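Heavy-atom basis, side chains included; hydrogens, waters and symmetry copies ignored. This structure is a prediction, so every number in the text was calculated from the model and none was measured. Position 1 is the first residue of the sequence; numbering continues from there.
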Amino acid sequence: MFEIVTVGALTAFLTAVGNGAAGEMGKQVLVSTGALVRRTLGREESVPVGSAGWEVLARQLHARLSQDQQQSGEWAQLLRTMPGTAVLLEPGIGLPPASRNFTDRKRVLKQLTREAMRPAEGRPRAALLYGPPGIGTTAVALYWGNDQRARYPDGQFYVDLRDAAPDNGPGPSAVLLRLLLKMGVDRAEVPPTEAGREDLYRRLTADRRMLVVIDHASTVAQVRNLVPAAPEVFLLVIASGPAFALEAERIPVPQLGDRDAVKMLKKVAGPETVALVKPQLPALLGHCAGNAFALKAAAMRLLAEDPPSSEVEEGPAWGSPVHGMTEVACHSLGPETARLCRLAAVGGWPAFDADLAGAAADIAPQEATRMLVEAVDAQLVEPLHEGRYRFRPEVRRRLADAAGPAHGIAECAAAVSRVLDFLLHRALHAAHAALPQSWRVEPAPVEGTPLEDETAGMEALRIEAPNLIRAVSVAHEYGHVDTVLRLARVLWPLQLKAGYWDEVLPALRIATRCADQHHADSRTASALEFQLGHCLGELRLWEEADQATRRAIAGERAAGHVLGEASSVELLGLLLLSRWQYTAAFERFVEAERLYRGITMEQDVAADLPRALALVERHQGRALRGLGRLEESRLRLESARDFFVRQGEMYNQGRVLTDLAETLCDAGDNGAALARISEAERLLAPEGATPHLEYLARLRHRCEATE
C-alpha cells in the first residue's frame, strides 16, 4: 500500500529536527535526517534557516515522495518514530518557602488572585510584581504561591535570575534553559535554539494547570516568550525595580504602612523588645520607610540588644532604606567584618564561601567563617547550602560602592586580584581532575590539594561555574589579560562534558576579543577560538561557529601547532557534517587525518594519537554515509569500532555501532543492522546513556519494519 506523507507532517518533522535536542543524539538525528534528505532529492542540500526554510524543503521532498513508494514508506516510518513528545513534565520541588514574618499586602494578594481566577477568554494569565529593592516583591509571590498549591496540581516552577552578573542578566534563550531544567528536562534534551526551547516549553505547558515564577527579571526580553498560551498556566514575573512593558497585569508592591511596619517588627523581634524602644520607633520607622528588608534588619538588631544608632534617630541619610540599613549594619559590626563584606562585594560574585571571602580580605578562611556568621546575623549576607553565601543585589551594590571610600581604590583592586588568583587556582585543579589527559587544560598547580577523580573535578567546576564566568568579565574590566585567557580556558570541561554552552558563551566572547587585541598570534588565542567555535556549533549558530573555527585553524597553523590545527580542522568537519555539507565535511576529516599522522613525538604529546585517528575515521564513515558511499562508510566505521574494542571503550564502541547500524540499514542489510543495534544496546546500558538507548530503540523499530 502506498503511504502518503503530507507536506504538513514533513514540515513538522523537519522543524522539530532543526529545533531538536542538543547533545550527541540531537546531532545524530540531524545528521541522519540530512543523509535521507540527500538520498531522496539526489543532491546535497544545506540545513535550512528558519521555519520558512524547513517548509520549502518539506515541499521539495513531498514532490519526490509522491512519485516514489519505497522512499515515501521510509519517510513515513521515520516520522512515526520521531520522539516529538518524548519529554515529559515533572512537577519539580515547587516554590521556596514563604517568610514566617509576612505582613499585610492584602490588596496585592487580592490582585494576584483576581488575575489567576478570572475567565481566560483567550487572554494569557500573567502578572508583573514590581517595587523598589527590599520592598518584599519576592515575599509576596512566595506567600501567595505557597497558598495556591491546590490550584496548580501540575507544578509550581521557580527560577531566580539574581545570580547573573550585576549589570546584565541572562538572555531569553538562557532563561528558557533554566526553566526547562526546573521542569525536569534533562540538559541533553533541551533544544539548542531559542525557537526550539520555546516550542518545548509550549508543549510541556499545553493543557496544564501550573504556576511559573521568574524572580529578579530585569528586561521584558527575558520573559516575553514565557507568556503562556495555555489558559490554566499562570506566569508571575518579579522585578526588583520599576515595571517594564510586559503584556501582563502590573501589580505594584507598596511600602508598608506604619501600623503594619510595627507588626512586622514585633513578629521578628517580639512585642516586648519593640516596647523597650518605643521612644525611638518614629525615627526607626521613618528610616525604614516601609521597606520590608530594612524593617527585618532593624528588628534583628533590636534582638541583638543593639539600640538604634544616631543615624537612625536623625532620619534617612542614604538614597534608599536598603542602603541605610546596610550602613547601619556595617556600623554595628566590627570594622574587620565590615571590611570583609565590602571587599567581598566588590567583584559581584554570584556566591562565595569562606575561602573566597578570605581571599578578598586577605585573611585566613577560619577567621572569614566567623565573620560571615556575624554578617548573616546582621542581615548583610544570606546563607546558602554547603558553606556558601550570597548578598542581596541592593546590599551588594551599596557595600561595593562604599568599599572605595572606606578602604581605598588600591585595596579594592588588590582584593579583586586576590579573588581572581584564588578562583583560577581552584579551577585549574578542578579542570585538570575533570580532563586529566587533555592538552587543552593546563596542568594542575603544584600548590594545593589535587581532587581525587574526574567526578570530583566536574562537580567542583559546576559549583564554581557562575563565579568563574563572572571572573572572566571582572578580570577583563580590571585589565588582567592573562587571567582572562586562562580562566576562559578552564571552562573547557564544562562545555565539553556538562553542556554549559549558554553559560560559558558570554565569557568566551570576552576572552576571544581580549586575545585578539593582545595575543592575536598566540596558541592561547587559537585555543579560545576553538572553544568559541565548539560552543557556537553546539548552539547551532552555524555562521559564527564556522568563522571562529577557521580563525582557530589559521592561528594554530601560523603557530606551527599541528595537533591544535588537526583538532580545529576536525571540528570544522563536524560543523559541516551537522549542516549536511557532507562533501566538504569528508574533505576536512581527510585533512585532519593527514595532519594527525604527521605529528611526531618530538612535535607534541602524541600518546593519544591512535584514539584521535579512530575518532576521525568514525567521522569519515558518517560523512561517507551522507554521501551515499555506503560500502566505504562501513569499512571506516568497522575499523574505528575495532580500535575501541581493543581499547575497551564501551561508550565509543556503542556510538560507532550506532553509526554502523544506520549505514547497514541504508544499504538494505537490516539483519546485520539489527545485530549491531543489539551490540550497542548491550554496551551502552551499563553506561546509563538513556537518550542513546532511546535512539537505538527507534532505529530498531525502523529496521524491523523494513526487514
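- With a 6.0 Å radius and a threshold of 12 heavy atoms from other residues, nucleotides or ligands, Q437 has its CD atom at or below the threshold.
- E45 has a carboxylate O that lies under 4.0 Å from a charged side-chain N of R43, or vice versa, which qualifies the two as a salt bridge.
- A salt bridge links K497 to E454: one of the charged nitrogens lies within less than 4.0 Å of a carboxylate oxygen.
- Taking 4.0 Å as the cut-off between side-chain N and carboxylate O, E591 and R557 count as a salt-bridged pair.
- For T219 and R224, the side-chain atoms include no donor-acceptor pair closer than 3.5 Å.
- For the 3.5 Å distance criterion, the side chains of T40 and W75 qualify, holding a donor opposite an acceptor.
- Annotation for R59: atom CZ does not count as buried by contact number, only 12 or fewer foreign heavy atoms lying within 6.0 Å.
- In this structure, E529 does not pair ionically with R489, as no charged nitrogen and carboxylate oxygen lie closer than 4.0 Å.
- Atom-to-atom distance recorded for S567:OG and E570:CD is 6.0 Å, nearest 0.5 angstrom.
- In this model, no donor atom of one side chain and acceptor atom of the other lie less than 3.5 Å apart for N670 and E704.
- Considering only residues two or more places apart in sequence or on other chains, S32 meets the side-chain hydrogen bond (donor to acceptor under 3.5 Å, both in side chains) condition with R625, E662, Y695.
- For residues 435-444, the set of pairs meeting the salt bridge (Lys or Arg N to Asp or Glu O under 4.0 Å) definition, not counting sequence neighbours, comprises E442-R486.
- Residues Q28 and D659 have side chains in contact (heavy-atom distance under 4.5 Å, counting atoms from C-beta outward).
- At a cut-off of 3.5 Å, with distance as the only test, a side-chain donor of S173 or R197 sits close to an acceptor on the other residue.
- Judged purely by distance below 3.5 Å, without hydrogens or angles, the side chains of T658 and H692 pair a donor atom with an acceptor atom.
- Sorted by first and then second residue, the pairs that involve residues 11-31 and meet salt bridge (Lys or Arg N to Asp or Glu O under 4.0 Å), not counting sequence neighbours, are E24-K27, E24-R655, K27-E538.
- Judged by distance alone, the side chains of S568 and T549 never bring a donor and an acceptor atom under 3.5 Å apart.
- The ring pair (Phe, Tyr, Trp, His ring centres under 6.0 Å) check on Y582 picks up nothing, with sequence neighbours excluded.
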For residues 510-520, run the donor-acceptor check on the side chains, cut-off 3.5 Å, and write out each pair with its distance to 0.1 Å, sequence neighbours left out.
residue	atom	partner	partner atom	Å
T512	OG1	L508	O	2.9
T512	OG1	R509	O	3.1

Contacts under 3.5 angstrom, residues 634-646 side chains, donor-acceptor by atom type, not counting sequence neighbours:
residue	atom	partner	partner atom	Å
R634	NE	E631	OE1	3.3
R634	NE	E631	OE2	3.4
R634	NH1	E638	OE1	2.8
R634	NH1	E638	OE2	3.0
R634	NH2	E631	OE2	2.2
R636	NE	Q620	OE1	2.9
S639	OG	E617	OE1	2.9
S639	OG	E617	OE2	3.1

